[in-house]
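The structure under discussion appears below in the form of structure tokens.
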Amino acid sequence: MAKQQVDEMSFLDHLEELRWHLVRAVASVFIAATLAFIFKKIVFDIIFGPTHMNFPTYEGLCRVSQFLGMTDTTFCAEEFPFIIQNRTVAGQFSAHIWTSIYAGFIVSFPYVIYQLWSFISPGLKASERKNSRGFIIIASLLFFIGVLFGYYIVTPLSLNFLANYQISEEISNEFDISSVIAIVRSSSIASGFVFELPILIYFLTKAGLVTPQFLRKYRKFALVIVLILSAIITPPDIASQVIVAIPILLLYQVSIYISGVVVKNQKRKAKKA
């Protein structure tokens, strides 16, 4: 009975510790979201950047198109053929609240990861903690690179395709504010998590769930999955899907290398033991 009580208390202690880590993580998101809420002009000027043709991505693609001799391209238009509107009473306020929350999560991501790692790391061996010392920095860096990729590549391609897609000249595009923000949000955050693939493969390899041989063997299936994933987060045109698929495939190749390094280190430690 005594042993059972000690084990039960130990489990409850872990739950209490997890609760406080979650509270601190949520508090960091709340603080960052509050700042985003206060500085709404800066936040929304950034968010609506891809809706203007002077956005860097469009200007760059326009130059590339002109260099290739493609004069009839939507990337060189003066403005988009749509307007952004709000069609509900609380639409703008709701967009303000939720956008601030998502912006707060993106900004506070390193601290959220730190709280997660602080809860997990005590259960690891000293050597594992040492080898994973740069986890927070690498995970945060990959996430931010993914967010930037989603914002500067995926979002402009999606908006440009959808804004210029027309089934009849009798229909004009008047997009709701929530729809535009949803594209920016989903493209950016989804890309941020996709770029965490090397981190995921690292821990799956450490747990013995995947091996570099397994990843190489099923590379062709991974290619199909990547193309499907690209089709989900981008408009249904081949050029956009290829542009998005390339970095994901590079991340997959990097993940194979990381998995190989982990397996080699495990074998070397096993020989020493």
Side-chain angles (χ1 to χ4, degrees), residues 19-59 77-116 139-165 171-196 232-235 240 244:
R19 184 174 75 89
W20 281 109
H21 283 297
L22 291 176
V23 167
R24 285 190 284 267
V26 171
S28 69
V29 174
F30 177 79
I31 293 172
T34 301
L35 292 175
F37 187 88
I38 294 172
F39 298 101
K40 64 178 181 179
K41 188 177 188 324
I42 297 175
V43 173
F44 281 91
D45 283 349
I46 293 173
I47 286 176
F48 290 123
T51 63
H52 304 292
M53 291 308 301
N54 61 354
F55 193 66
T57 303
Y58 301 130
E59 292 181 344
E78 293 184 2
E79 60 181 14
F80 273 121
F82 69 84
I83 62 172
I84 300 176
Q85 62 178 347
N86 173 55
R87 293 180 293 179
T88 60
V89 175
Q92 293 200 47
F93 181 71
S94 178
H96 190 186
I97 291 289
W98 284 106
T99 300
S100 298
I101 292 174
Y102 285 111
F105 172 75
I106 292 173
V107 171
S108 61
F109 183 81
Y111 188 75
V112 173
I113 287 292
Y114 169 74
Q115 289 300 323
L116 177 64
S140 301
L141 182 62
L142 287 173
F143 179 77
F144 288 135
I145 292 175
V147 169
L148 291 174
F149 177 80
Y151 181 71
Y152 281 100
I153 303 298
V154 180
T155 298
L157 290 174
S158 300
L159 280 175
N160 183 269
F161 176 83
L162 296 173
N164 290 282
Y165 188 84
I171 303 175
S172 59
N173 287 329
E174 298 179 354
F175 300 148
D176 189 77
I177 183 175
S178 60
S179 178
V180 175
I181 292 176
I183 290 179
V184 180
R185 180 185 67 234
S186 59
S187 299
S188 301
I189 296 181
S191 297
F193 282 118
V194 167
F195 272 62
E196 295 292 333
I232 293 174
I233 63 177
T234 60
S240 300
V244 174

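For the single chain, residues carry numbers from 1 onward in sequence order. Owing to the predicted nature of the structure, the values given are computational and were not obtained by experimental measurement.
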Going by heavy atoms in the side chains, are N160 and F80 under 4.5 Å from each other? yes

Return the orientation label for the F195 and F149 ring planes: parallel under 30°, perpendicular over 60°, tilted otherwise. tilted

Using a 4.5 Å cut-off on heavy atoms from C-beta on, say whether the side chain of Y102 contacts that of S188. no

Can you tell me if T57 uses its side chain to pair, donor with acceptor, with the backbone of I153 under 3.5 Å? no

D176 backbone acceptor or donor facing S179 side chain under 3.5 Å: no

Hey, is OH on Y58 packed in by over 12 heavy atoms from elsewhere, all under 6.0 Å? yes

With a 3.5 Å distance limit and no angle check, can you tell me whether S28 reaches the backbone of A25 through a side-chain donor-acceptor pair? yes

Residues which pass side chain to side chain donor-acceptor pair (under 3.5 Å) with Q115, listed by chain and number, not counting sequence neighbours: H21, R24, Y111

Where do F55 and P50 come nearest, in terms of heavy atoms and distance? CD1-N, 3.7 Å

Using a 3.5 Å distance criterion without hydrogens, assess whether the side chain of S94 forms a donor-acceptor pair with backbone atoms of A90. no

Please check if the side chain of H96 supplies one atom and the backbone of F37 the other of a donor-acceptor pair under 3.5 Å. yes

Return the minimal non-hydrogen interatomic distance between S187 and S158, and the atom names on each side. OG-OG, 4.4 Å

Polar side-chain atom of N173 near backbone of F175 as donor-acceptor pair, under 3.5 Å: no

Should R185 and T99 count as side-chain neighbours, where that means a heavy-atom distance under 4.5 Å? no

Determine yes or no for a side-chain-to-main-chain donor-acceptor pair under 3.5 angstrom, with E196 supplying the side chain and F143 the backbone. yes

Closest heavy-atom contact between A163 and P81? O-CG, 3.5 Å

